Amino acid sequence: MLLLLSGCGQQSVGTPIFHAEGKPKQLSDWNLLSVASGDLQLADGVVAYDLNTALFSDYAHKLRTVWLPDGTQASYNETDTFDFPVGTIISKTFYYPTNASSGPAQVIKAVDTTAERLIGGFNLDEVKLIETRLLVHREEGWVALPYVWNEDETEAVLKRVGDIKQLELVSGDDKTSFAYVVPNQNQCAGCHATNATTRKVVPIGPKSRHLNKDYTYAHGNQNQLAAWQELGILGELPSPLLTKANASWGDGNASLNDRARSYLDINCSHCHNKVGPADTSGLLLEPADEVGPSLGVCKLPIAAGTGTGDRKFGIVPGKPGESIFTYRMESVLPSEMMPELGRSLSHDEGVSLIAEWIAKMEGRDCS
């Protein structure tokens, strides 16, 4: 059980501390994770997890964790975010792999292997920690707090106004300089306010369709929903095998449609849903939304401004080069790109996926 919680056989670093009010200045004040002997370790009861398809964030890797107070558990929901009790702390640590020859601002483009790092030892000589974002469930609701790591990787400090890190992404012989943007507290809260009417901050990732997958724990692979229930942090749920699951966008064994819809879901639907901040756009990108004008097919833009790239329709079946979707995904201009926040680079592989999906889409001539 302890191995399942920590993800590896690490020495205990204590129990997390829930702050019911205030804005602690240091990440260590929460005691969710610690740095000792060049290794990052999780505190007792902190559970690492992953998503079937993750939000693109400039190729950053992410260590996601959840912690609930003793004796409490989240309630399962088939479609929406699980109902977590007051006292829950969700964290997401953004980092990049490095190597011995990397310069101080150089990071490496590579496949995310966070689970394996936790098992083998999260060696800080091999990574560059950037930021850790917390979502804390207090009596008044969820609070978003962004912490930025120092260069020595010994502590992360609260940066309510955000931050910018000048980095160079290395992929083989290619090197790309970019500004990694740590969102400010208001931007964090804005992205997580998925209902434009209530404006309540809620977690986005911890939904059944995102979590229904195997995770590599120290004892072996296990379905995350089953593991959470076994640990007592998730209440009654249907059989994980019968619960819907999003596809992994990079899974060549999954259908192209499932992969594309999963990618659009995690990257776009927190705004583009029936009650979301982009509800006036008429563009709905949740998995259950039907293929048609509301998905962008032959749909004229409502408030895209210069973001159309002089293209007329969101999706032109069979013609990704004429579709606004691919233009906005490729753009890195703040006034044009989608998503609007959370990236400075274009996700080349994601653009290729959506372009292929559109290219093979059957439909009428939009004109």
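Note that the coordinates shown come from a computational prediction; the quantities given were computed from them, not determined experimentally. Side chains included, hydrogens not; waters and symmetry mates left out as well; all remaining heavy atoms used.
- Aromatic ring centres of Tyr49 and Trp228: separated by under 6.0 Å.
- Both Trp30 and Tyr95 belong to a common hydrophobic cluster when Ile, Leu, Val, Met, Phe, Trp and Tyr are linked at side-chain heavy-atom distances under 4.5 angstrom.
- In this structure, Tyr180 and Tyr96 have perpendicular ring planes: the angle between them is above 60°, well past the 30° mark.
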Using distance only, find each side-chain donor-acceptor pair of residues 155-164 under 3.5 Å and give its atom names and separation, not counting sequence neighbours.
from, atom 1, to, atom 2, distance (Å)
Glu155, OE1, Leu27, N, 3.4
Glu155, OE1, Ser28, N, 3.2
Glu155, OE2, Ser28, OG, 2.5
Arg160, NE, Gln185, OE1, 2.8

Lys213 vs Asp50, side-chain contact (heavy atoms from CB on, under 4.5 Å): CA-CA, chis, key distance, verdict: CA-CA 8 Å; Lys213 61 166 292 187; Asp50 196 9; 3.1 Å; yes

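- In this pair, Tyr59 and Phe56 present their aromatic rings perpendicular. The plane angle is above 60°, beyond the 30 to 60° band.
- A donor-acceptor pair shorter than 3.5 Å can be found between the side chains of Asn221 and Thr216.
- Looking at Thr114 and Asp112, their side chains do bring a donor and an acceptor atom within 3.5 Å of each other.
- Remark: Glu126 engages Arg117 in a salt bridge, criterion side-chain N to carboxylate O under 4.0 Å.
- Both Leu283 and Val351 are assigned to one and the same hydrophobic cluster, defined by single-linkage of ILVMFWY side chains at heavy-atom distances under 4.5 Å.
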Candidate pair Thr81 and Lys207, rule side-chain contact (heavy atoms from CB on, under 4.5 Å), full reasoning: CA-CA 5 Å; Thr81 301; Lys207 297 178 181 178; 3.4 Å; yes

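- Pairs engaging residues 249-273 under the salt bridge (charged side-chain N to carboxylate O under 4.0 Å, His left out) rule: Arg209-Asp265 [sequence neighbours left out].
- Residues Phe325 and Met337 do not share a hydrophobic cluster, clusters being chains of Ile/Leu/Val/Met/Phe/Trp/Tyr side chains in contact below 4.5 Å.
- Atom CD of Glu236 has 12 or fewer heavy atoms from other residues, nucleotides or ligands within 6.0 Å.
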Worked check of side-chain contact (heavy atoms from CB on, under 4.5 Å) between Thr72 and Phe84: CA-CA 9 Å; Thr72 66; Phe84 290 92; over 6 Å; no

Tell me which donor-acceptor pairs under 3.5 Å the side chains of residues 284-291 have, and how far apart each pair is, sequence neighbours excluded?
from, atom 1, to, atom 2, distance (Å)
Asp289, OD1, Lys274, NZ, 3.0
Asp289, OD2, Leu285, N, 3.4
Asp289, OD2, Glu286, N, 2.8

